[in-house]
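Quick caveat: nothing in here was measured; it's all calculated off a predicted structure. In what follows, chains carry the letters A, B, and so on, assigned in the order in which the sequence lines appear, proteins first and then strands, with residues in each chain numbered from 1.
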Amino acid sequence: MQNKRRERIDRGIKVRTDGLYAISSFKEIMYLVFPRLLLIGGFLLLPIVLELAPYWKRVINILCVYAIIAISFDFLANFVGLVCLGGGLFVGVGGYFSAILNSYLKIPIFFSIPLSALLGGIFCTLLFLPCLKLRGVYFAIVTLMYPLLFTRIIEALNILGGTNGITGLDSFPNQHIENYLIILILLIILFGLRRLVNEDIGLVMRAVKDNDQSVKASGINVTYIKSIAVFIASFIGCLSGAYLAHLYMWAGLSLFSLDFSILPIAAVTVGGGGSIVGAVVGSLILVPLSEFLRFFGTFRIVIYSLILVLFLVLKSEGIMIYLTRKYHQFERWVDV
Amino acid sequence: MSILVVENLTKSFGGLKALNAVSFEVKEGEVFGIIGPNGSGKTTLINCITGFLKVNSGKVFYRGKDITGLPPHKIALMGITRTFQIMRPYYSLPAFKNLIVPLWSKRATKLGGWRGGGKHGDRDTVAVDILEEIGFERDSKVPYKPASVLPTGYLKRLELARCLALRPDVIFCDEIFSGLSVSEIAGLLPLIEKLKIEGVTLIMVEHRLKELFKVADRVMALQFGEKIAEGDYKDVIEHPKVKEAYLGSEEV
Amino acid sequence: MQIFIYGLINSISLSLVALGFTLVYSISRIPNFAHGALYVATGYFAWILMNLFHFNYFISAILSVFLSCFIGAMIYRLVLIKIRGMEISEVIATYAIGLAIIEGLRWGGLRGATYTLPVIVPGSIEIFGVIVDYQRLFAVFVGLVIFLFFYIFIKFTKTGLALKGIAQDERAAMMLGIDSDKMAIVSFILGSAIAGISALIIFPLGNIVVEAGYNVLVFSIAVSIIGGLGSWLGAVIASFIIGYAQILTEVFLSTHYQMVIALLAIIITLLIRPSGLFGKQKELEERV
């Protein structure tokens, strides 16, 4: 039998290192820009395409919200090394802040969303500050506990509307604003963070993930770097939470729910961790799937969990990283 | 003048005394060697001085200032840095991007990195400059490769480069010769001489005595966490306790 | 007096539940977030076997515990073995499996308050003026028996010693020819068995509800973190602390606060003394 082996050949532009390209033709520019344009254009066209299906237009909003939370998880886990299992905390804190600002203090919607993201970001960072020293599993356990803790405290003390939640938040002026606001936020966060992780401070964060001891030996306060990263992640998480509260015109305990913790993690695993775009791609797959499965109630969570485990075991690199590889290289079988 | 003064440093893990009242002084600009058999507390000593471990008692003075118990990053910002025995590069970053981390620190942004570059954000070029200085060929692909694919010799250099980028006054080298071939060590020796000329104080913990004695001005020997000898390397190596520690006592 | 006796009983049943979690962690270094799920699943299977298939109590109890062990072993054999060493993936995987089981049961019909397991020993007794039903005493008894069993098992059997070896130093044990994966499976089986047995004993005191899965998980984590992950003595002492704290909050505040107390205890312990009450230096270094 003839022995064969698979050969991988780089296609396209010779890269010296990540981000340094020597571009010489329109074709090469397109080679780099096309995937990005596809994503941006796709997202911007999505509400128009779905004009005929109003229900699915609302799904876009939810999809973007999940994608943002997934991005925040991916950023913390794969670029800073903090695994935060409680994405629901960010959503809940952001949502409740927005509800307090808008419903109690009557601050208009377009101020209450950014303001609650800011306040929520600060609040979550303060909560996480004492546990930034903890490693891996221990940090994960604490973050898993926080959303549960808040749910129980609100239930027990019967504050902030208790189990009924806070109602009477302003809604968005119209559906186009509703759609495009969150799509723009998502795109800005996506490309902003991708930029950030290759800036110098982003490199320092990645260095903290790789090895915090030698970062300390380089004269950098690791806790400070981690708290900046947590602030960024919780800011964008709270932003999506505040948006969600206004979308539902309601902030309640379900904002802290498991859905917001597990689905983004599944999305990152499916899409591919460590690429940030992977989080969006994963949400593009999982959120519509979960809408189809809405009929099954909590069975959805079973399905995400199983998908998550299957991807962890069988294809841990995720779809996005696989696709990137296929895009940049072609494979062929050659005789040995 | 002594740049670093260590007084009665004691550190115990549970019941085990890893360091027992170790005192020594290091003069500015000298190469100070620390030798001792395995488990004699050499790495613990570095960890205690650079703030990675809390000491039980004793004091460390740097240029007359008490630095005992400060967190590692503050000590590093004062100009005392270290390499790690088990190399700790940032594996996911390209080699030259590894240097961005120290160059980003407050010290390097204020003073500039090695030889003053990098103050104005041109960190990438400065990083490649430092790597070239330390033996990475600028025009080869090596400085741009991820640290995870580099061989040991380069990683050791990268550890040292990471220290240099901080523009240090004192460098603790934790066994930088171990695991290297004779020719690789021969490549590193001129570099150490060069650092000495630049006025950097080097404290080298070593097992490779022959190579250490080529560069060290003074040597201290440790055994079971206690200082057993200090001085010129000839005095130290002839010291009966040192001989006993390395060769075993004669009765056995 | 009532507080004392109920606190004692509560603490022992709590330590029984948490023992499984601690056992798995101390041997395989995997925090089994599916522990609570196995607990609920066993209770529910026992109910199904008894009420839908009309098996008698003991057969269904044994079958359901076996099932729990089987699931535990499969979790390790099929999933965790592929992602060993990637701490984060391990946590996410066990957490996801646990969620899948719990939410699957909820979807599969475990809703409402209609599912109860029969008590094994009916009736009650008065001790020092406090009425205690036999089932609670039985729980204490079984708890003590299991502790004794594990003490003997670990101390005197070959497998037990191998488990101890792996727990102390995995690499050294592997060099001596102990199969780390095999021992991890054993630990999962034992841990799941404890989860199952405790479910069979504790569920008859109330209804089988899905939420119990989350509660058990939170309390097991609380106990093992406060006691110091992997430390058995610590786990027992921590379960007394949490157990009495639970009873006291129930008496003086309301049951709502029980979970708040446990969660706060976890967070505060991790922040103040990450190694827990009885954790070792080595573990501290891993954490901070």
Side-chain angles (χ1 to χ4, degrees), chain A residues 73 77-78 81-85 127 129-158 212 258-259 261-262 265-266 268-269 273 293 296-314 316, chain C residues 25 29-31 33 75 78-83 86-108 111 210 214 217-218 221-222 224-225 229 249 253-264 266-268 270-272 274 283 285-288:
Chain A
F73 171 81
N78 291 312
L82 297 168
V83 176
C84 170
L85 295 182
L127 278 182
L129 209 51
C131 40
L132 289 180
K133 274 195 305 184
L134 301 171
R135 280 215 189 132
V137 181
Y138 303 93
F139 184 80
I141 291 175
V142 177
T143 51
L144 181 66
M145 295 302 150
Y146 270 133
L148 283 173
L149 181 70
F150 274 89
T151 320
R152 301 291 165 145
I153 286 177
I154 290 173
E155 256 175 21
L157 296 176
N158 205 17
D212 57 342
L258 279 173
D259 272 15
S261 303
I262 191 76
I265 298 174
V268 169
T269 315
L293 297 172
F296 291 104
T298 57
F299 193 62
R300 283 178 300 153
I301 295 184
V302 180
I303 292 183
Y304 320 138
S305 309
L306 292 181
I307 292 176
L308 173 55
V309 171
L310 282 179
F311 263 87
L312 269 182
V313 172
L314 300 176
S316 57
Chain C
Y25 185 82
R29 299 277 142 190
I30 295 174
F33 279 66
I75 290 176
L78 297 180
V79 178
L80 291 174
I81 208 166
K82 303 247 167 77
I83 50 175
M86 292 183 281
E87 231 178 27
I88 301 315
S89 301
E90 288 169 359
V91 173
I92 294 176
T94 55
Y95 177 51
I97 293 168
L99 271 183
I101 295 174
I102 292 181
E103 296 300 327
L105 289 178
R106 195 203 292 275
W107 175 76
R111 273 168 297 210
V210 170
Y214 294 116
L217 179 63
V218 169
I221 292 176
S224 16
I225 295 250
L229 265 178
T249 42
L253 287 161
S254 84
T255 38
H256 274 304
Y257 289 94
Q258 278 188 353
M259 188 71 103
V260 177
I261 300 271
L263 293 170
L264 280 178
I266 296 177
I267 292 167
I268 292 169
L270 279 178
L271 301 186
I272 295 174
E283 277 135 35
E285 275 170 22
E286 279 167 16
R287 279 183 216 192
V288 180

(message) Testing the basics here: between C/Val218 and C/Ile266, what is the closest heavy-atom pair and its distance to 0.1 Å?
(response) O-CD1, 3.9 Å
(message) Looking at every heavy atom in both A/Ala266 and A/Leu308, which two are closest together, and how far apart are they?
(response) CA-CD1, 3.8 Å
Checking [X] against chain C: side chain, backbone, both or neither under 4.5 Å from a heavy atom?
{"X": "A/Leu149", "result": "both"}
{"X": "A/Leu144", "result": "side chain"}
{"X": "A/Ile265", "result": "side chain"}
{"X": "A/Ile262", "result": "side chain"}

(message) For C/Pro31, is there any backbone N or O sitting under 3.5 Å from a side-chain donor or acceptor partner on C/Thr94?
(response) yes
(message) Please classify the contact between C/Leu80 and chain A as side chain, backbone, both or neither, with a heavy-atom cut-off of under 4.5 Å.
(response) neither
(message) Need one label for C/Val91: side chain, backbone, both or neither, based on atoms under 4.5 Å from any heavy atom in chain A.
(response) side chain
(message) Considering only residues two or more places apart or on different chains, which pairs with a residue in residues 137-146 of chain A satisfy salt bridge (Lys or Arg N to Asp or Glu O under 4.0 Å)?
(response) none
(request) Determine the sole option in A/Leu127, A/Leu85, A/Leu82 for which the side chain to side chain contact (heavy atoms under 4.5 Å, CB included) test with A/Thr143 is passed. (result) A/Leu85
